[in-house]
Amino acid sequence: MDLSMKNKDTQAKKSKLQGFMDGIEKLGNKLPHPVLMFIYIAIFVLLASAVLGSFGVVAKTPLGEFPINNLLGQEPIEVLKVGATGTTVAERYSNGLSYVVGTAIANFMNMYAIGTILIIMLAIGLMEQSGYLSIAMKSIVKATPMKLVTPVVIFLGVMSNMASDAGYVVLIPLAALMYYTLGRNPIAGLAAGFAGVSGGFSANLFVSSTDALLLPFTQAAAETGDALAGTNLASTLSVTSNWFFMMASTAIIMIVGTLVIDKFVEPRLGKYNKKEANIEPEHETTQKELNAFKFTNKIMLVIIGIIVLTALPIDKNNTIPLVGDLSTTVGIWGTDADGNAVLTAADGFLNSIFFKGDMIMMLMFVIFGASGLLYGFKSGKFAKAQDIVPAMVKAMADMAPIIVILFFVAQFLNYFNDSHLGVLVASLGADLVSMIPTDSKVWTIVLMVAFIFLTAFVNLFMGGASSKWGLLAPIFVPILMVAGFSPAGVQLIYRIGDSATNVISPLMNYLGVIVIFGQKYKKDFGVGNLISTMMPVSVAFLIGWTIFAIIWALIGAPIGPGQFFFV
């Protein structure tokens, strides 16, 4: 076959693949506006709960039975919640109407994403309106070689998960702006940021909050597994049980993500026309602004140094003001087995108050807000204190579309969970995987891959890593422990599947938020554009990460201190 024939074959393959992706995009773009989509899905969930609830459908799990609640019926409703040791009745309602009407405001107000977005965007508004964000991005662009932009963005996205969901509202729009500034397609930047923040959610160089959230469910399920397998592994689990593998996974996510974004996603998007962007035009940096930028950075180093000083556990007796006040010397309020409030000392820096609650989020608020204020006044953008108010108001005005979307997202998520339809979907998938035989190493690997893909599939229909694990762990941890897996290994392979399909899940909390970010650079950017753009990334992460896990398991390398895939 001559060279011309090879080129024709290659072009044919590309055209077929291009046609497939274009088909996904067209299909997705036929979906209604994200607000309307979540309204329709919420209505569908209500109707499904009415039908299944009327027929008495029950989701059976090792934690107990979850009857489907008829959210449109006249019968009393009991909402069951999953805990590490079983199920409890969390809420009761006299009928479906009292649930739908009575929970609407609480569903919205209890959504953690709202507080996260508003607080962070308030500080980012100061950074953006003062001009600090723009000059900082230009500086990063100048300092980062073109070939390293994508891996740097993905790496920062992965590491941003240390700050919970902040990466979604901080890094993703910044990544799009970085690509725009470089003259590259900003949608590719958005995709790179989204890939790191969401697709690489479980990977990190450090122990993250996810490790702590999943641990109690794994330990409780491992106790059952120990009884079935004759082992004693539950007591060996800790927040570092997956640390080594997740550190290595950070590199895998960077490599795979960079290859897919640079070699497939961005070329498919084509050359970007800057006229499509709905952002403020760039202007040349003046010497005064450059001096203000340098001054701000110096002061910010001092502020960050003070924060580090308060965090490091160097004041053992907690006698020096500020020093070590966020360290292990400070007690943490919690609850005992009976639900009573108790004050306990942290047993390590990673379990200290520095990593509890909204501490990291508020520290980011201080850092971002302070940098915007310092630069604004030093550069002359803010002449007086009153000038900062319009900047914050502008930031909140930009959040209006996101707030509207999140209201309906909150209703849908609560309908889906409180009707127990999410439990039903997860339990049906668990029953399918439990049919796979486990009497050989080959079938053990097959079971491992099946569990990863099941988790990836369930993730499309049920959000929340800890809530899904609360349902799947009691089923799969004992099953896979009998098959020879360690409980830490089961938790790890769950995390792979749970992360890989985040970027294409239509139920992902921040889906509408990211679509709005994309609309700043492409007016008709919709859900279909986002899903079709991220589909190659999701597939590559799922396959690449799974292969990496198989190799790691077969080699027998530790996945964490004293922990391995197999017993």
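These values consider heavy atoms only, across backbone and side chains, with no hydrogens, waters or symmetry-generated copies. Computed from a prediction, not measured in an experiment: that's the story for all the values here.
Looking at heavy atoms from C-beta onward, Leu156 lies out of side-chain contact with Val158 at the 4.5 angstrom threshold. Residues Trp243 and Asp211 form no side-chain contact, since every pair of their non-hydrogen atoms from C-beta on lies 4.5 Å or further apart. Using a 4.5 Å heavy-atom cutoff, the side chains of Leu80 and Pro67 are in contact. Looking only at side-chain heavy atoms (C-beta outward), Ile39 and Phe44 stay at 4.5 Å or farther from each other. Side-chain contact between Tyr415 and Leu421 is absent, with no heavy atoms from C-beta onward closer than 4.5 Å. Inter-residue side-chain proximity for Tyr93 and Pro76 is flagged as unmet; no heavy-atom pair is nearer than 4.5 Å. Looking at Val490 and Thr218, their side chains never come closer than 4.5 Å, going by heavy atoms from C-beta outward. Side-chain contact between Trp469 and Arg495 is absent, with no heavy atoms from C-beta onward closer than 4.5 Å.
Taken from CG in Leu72 to CG in Asn70, the straight-line distance is 6.0 Å, to the nearest 0.5 Å. Rounding to the nearest 0.5 angstrom, the gap separating the CG atom in Asn414 from the CG atom in Asn110 is 8.0 Å. To the nearest 0.5 Å, atom OG1 of residue Thr250 and atom CD1 of residue Ile154 are 12.0 Å apart. Summarising the geometry, atom CG belonging to Leu46 is positioned 8.5 Å from atom OH belonging to Tyr99; distances are rounded to the nearest 0.5 Å.
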Between side-chain atoms of residues 253-260 and protein atoms elsewhere (two or more places apart, or another chain), which donor-acceptor pairs fall under 3.5 Å?
from, atom 1, to, atom 2, distance (Å)
Thr258, OG1, Met254, O, 2.6

Return a table of donor-acceptor pairs under 3.5 angstrom between the side chains of residues 550-565 and protein atoms on other chains or two or more places apart.
from, atom 1, to, atom 2, distance (Å)
Trp552, NE1, Ala557, O, 3.0
Trp552, NE1, Pro558, O, 3.2
Gln563, NE2, Thr236, O, 3.0
Gln563, NE2, Thr236, OG1, 3.2

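Partners of Glu75 according to the side-chain hydrogen bond (donor to acceptor under 3.5 Å, both in side chains) rule, which considers only residues two or more places apart in sequence or in another chain, do not exist here. Checked against side-chain contact (heavy atoms from CB on, under 4.5 Å), Val57 has the following partners two or more places apart in sequence or in another chain: Leu52, Phe55, Ile68, Leu424. Annotation: side-chain contact (heavy atoms from CB on, under 4.5 Å) contacts of Ala195 (sequence neighbours excluded): Met534, Val537, Phe541.
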**OP:** Quick one: do Arg92 and Val89 satisfy side-chain contact (heavy atoms from CB on, under 4.5 Å)? Show the steps, please.
**Re:** CA-CA 8 Å; Arg92 290 186 173 89; Val89 177; 3.7 Å; yes
Original post:
Hey, mind stepping through Ser202 and Met246 against side-chain contact (heavy atoms from CB on, under 4.5 Å) and telling me if it holds?
Top reply: CA-CA 7 Å; Ser202 281; Met246 289 307 169; 4.1 Å; yes
**OP:** Take Val58 and Phe66 through the test side-chain contact (heavy atoms from CB on, under 4.5 Å) and record every step on the way to the result.
**Re:** CA-CA 6 Å; Val58 177; Phe66 291 77; 5.7 Å; no
Original post:
Stepwise, does the side-chain contact (heavy atoms from CB on, under 4.5 Å) test hold for Asn69 with Asp418?
Top reply: CA-CA 7 Å; Asn69 285 324; Asp418 293 349; 5.6 Å; no
**OP:** Would you check, one step at a time, whether the test ring-ring contact (aromatic ring centres under 6.0 Å, His included) holds for Phe412 with Phe416?
**Re:** CA-CA 6 Å; Phe412 157 70; Phe416 193 63; 5.7 Å; yes
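Between Phe245 and Phe548, the distance from one ring center to the other falls under 6.0 angstrom.
A donor-acceptor pair under 3.5 Å is absent between the side-chain atoms of Thr501 and the main chain of Ile504, judged by distance alone. Side-chain atoms of Asn502 come within 3.5 Å of backbone N or O of Ser198 as a donor-acceptor pair. Side chain of Asn242 to backbone of Ala488: a donor-acceptor contact under 3.5 angstrom is found. Judged by distance alone, with hydrogens and angles left aside, the side-chain atoms of Ser538 form a donor-acceptor pair with the main-chain N or O of Ala500 at under 3.5 Å. Looking at Asn529, its side chain does come within 3.5 Å of a backbone N or O of Gly526 through a donor-acceptor pair. A donor-acceptor pair under 3.5 Å is absent between the side-chain atoms of Asp498 and the main chain of Tyr494, judged by distance alone.
Across Asn204 and Met159, no two heavy atoms sit closer than the pair OD1-CE, 3.3 Å. Ser532 approaches Arg268 most closely through the heavy-atom pair OG-NH2, 3.9 Å. For Met481 against Leu233, the heavy-atom pair with the smallest separation is CE-CD1, 4.1 Å. Nearest approach of Ser49 to Leu71, heavy atoms of both residues: OG-N, 3.2 Å. Here the closest non-hydrogen pair linking Phe517 and Leu190 is CB-CD1, 3.9 Å. In this structure, Ile261 and Ala192 approach most closely via the heavy-atom pair CD1-N, 4.0 Å.
Asp262 and Thr150 form a side-chain donor-acceptor contact under 3.5 Å, judged by distance and modelled atom types alone. Donor-acceptor pairing under 3.5 Å is lacking for the side chains of Trp545 and Ser499. In summary, the side chains of Asn459 and Ser505 do not present any donor paired with an acceptor at a separation below 3.5 Å, with no hydrogens or angles considered.
Among residues at least two apart or in separate chains, there is no salt bridge (Lys or Arg N to Asp or Glu O under 4.0 Å) pair with a member in residues 199-208.
Ring geometry for Phe566 versus Phe485: interplanar angle of 30 to 60°, hence tilted.
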